[in-house]
Protein chains: 2
Amino acid sequence: MKTMSTMLKANDLAVTAQRAAVMEFLHGNTDHPSVDTIYKRVKKRFPYISRATVYNTVKTLTRAGLLQEVLVQQDKTRVDSNVSRHHHFKCLRCGRIEDVPYDILTAKHVGEHAKSYHVEEVRVVMEGRCKQCR
Amino acid sequence: MKTMSTMLKANDLAVTAQRAAVMEFLHGNTDHPSVDTIYKRVKKRFPYISRATVYNTVKTLTRAGLLQEVLVQQDKTRVDSNVSRHHHFKCLRCGRIEDVPYDILTAKHVGEHAKSYHVEEVRVVMEGRCKQCR
DNA sequence: CATATGAATTAGAATAGTTCTAAACTTAGA
DNA sequence: TCTAAGTTTAGAACTATTCTAATTCATATG
């Protein structure tokens, strides 16, 4: 199994206790925590950790492809350690964010998913280059 | 044709000059302006308009189904006067946000769209009730 | 294994977007 | 016209995020 420090080294990133702690907290955590949640949680082990460090770490690890920042609400960034291609489902009542398989994109799968999850809204955002910017 | 005041009345909303001005600015505007953009633009005609009024108006009109708040980036809300079911395309270079037909959701259409637009990323967010909250 | 250098961390200030507040004003209905 | 409820206003407050400058740390090299 890959240790946090192995993964950091593999990406040419300095191995620091804070980075490893953030990664460890996120590892296997499937509930897409906000930066503040990560900060509060890691703070228990590193009382002097700064919010800026968590922001920096998330940005750095995201650039290295080890994390993903998920856009599910406009106010707060949510962090996902599942970097495979997938989408998201957000519960309008409890706020839970779940991963959803990528092939949901076919109408057939959307229909099935909608049936089992009570999907009320599907939001698709595409990014790329528009005609003028190609 | 529907006037702004007609639409407001039809939704049981008081007709105020500020509301009508915000609606008029948005009407036929397809570039998904931010609240700040709306504020600055409407300010030209109503120098004393407050940011809070624009926020309130956007929220009120959204609740009435006359506007839509679009989630394309985490920092700023973008407003869309097209309230029909559709998705969005964001250009990574110029930032332009374009409307995209709803039936893009079938894999076939995604493929076609991707071809003509250089789509680099497709983000889907579903909202509804999760298994525990049904 | 000591050390120099660049990178990372820290606390707190600064910034941006948004919401809140309380007073003044406007709308719509009686 | 008058009144009550709803709306607008300026600015304070709040939240998420970025910036800053000083300090500390990781690691490559000798």
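Every chain is numbered from 1 and lettered A, B, ... according to where its sequence line falls, protein lines coming before strand lines.
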Just the atom pairs and distances: protein N or O near nucleotides 24-30 of chain D's N or O, under 3.5 Å.
unit_1: D:dT27; atom_1: OP1; unit_2: A:Val15; atom_2: N; d: 3.0

message = Out of the candidates A:Leu67, A:Val42, A:Thr57, A:Leu8, only one should pair with A:Met23 under the side chain to side chain contact (heavy atoms under 4.5 Å, CB included) rule; please name it.
response = A:Leu8
inquiry  = Counting only heavy atoms not in A:Arg85 (residues, nucleotides, ligands), do more than 12 fall under 6.0 Å from its CZ?
reply    = no
ask   = Taking only residues two or more places apart in sequence, or in another chain, which ones meet A:His88 in a ring-ring contact (aromatic ring centres under 6.0 Å, His included)?
value = A:His32, A:His86
ask   = Taking B:Asn11 for the side chain and B:Leu13 for the main chain, is one N or O donor matched with an acceptor at less than 3.5 Å?
value = no
Please enumerate all protein N or O atoms sitting under 3.5 Å from an N or O of nucleotides 18-25 of chain C, with distances to 0.1 Å.
unit_1: C:dT18; atom_1: OP1; unit_2: B:Thr77; atom_2: N; d: 2.9
unit_1: C:dT18; atom_1: OP1; unit_2: B:Thr77; atom_2: OG1; d: 2.9
unit_1: C:dT18; atom_1: OP2; unit_2: B:Tyr55; atom_2: OH; d: 2.6
unit_1: C:dT18; atom_1: O5'; unit_2: B:Tyr55; atom_2: OH; d: 3.2

key: B:Glu69 bridged to B:Arg78 by N-O distance under 4.0 Å   = no
message = Can you list everything that forms a salt bridge (charged side-chain N to carboxylate O under 4.0 Å, His left out) with A:Glu24? Sequence neighbours excluded, please.
response = A:Arg45
request  = Check for a donor-acceptor pair, side chain of B:Thr62 on one end and backbone N or O of B:Val58 on the other, with a separation under 3.5 Å.
outcome  = yes
task = Please report the closest heavy-atom contact between B:Cys130 and A:Cys94, naming both atoms and the distance.
result = SG-SG, 3.8 Å
query = By a strict heavy-atom criterion of less than 4.0 Å, which residues belonging to residues 64-71 of chain A are in contact with DNA chain C?
reply = none
request  = Identify, residue by residue, the members of residues 37-50 of chain A with a heavy atom below 4.0 Å from DNA chain C, and return them in order of residue number, or none.
outcome  = A:Tyr48, A:Ile49, A:Ser50
query = Got a salt bridge between B:Asp36 and B:Arg51, using NZ or NE/NH1/NH2 to carboxylate O under 4.0 Å?
reply = yes
task = Give a yes or no on whether the backbone of B:Pro33 and the side-chain of B:Thr37 come within a donor-acceptor separation of less than 3.5 Å.
result = no
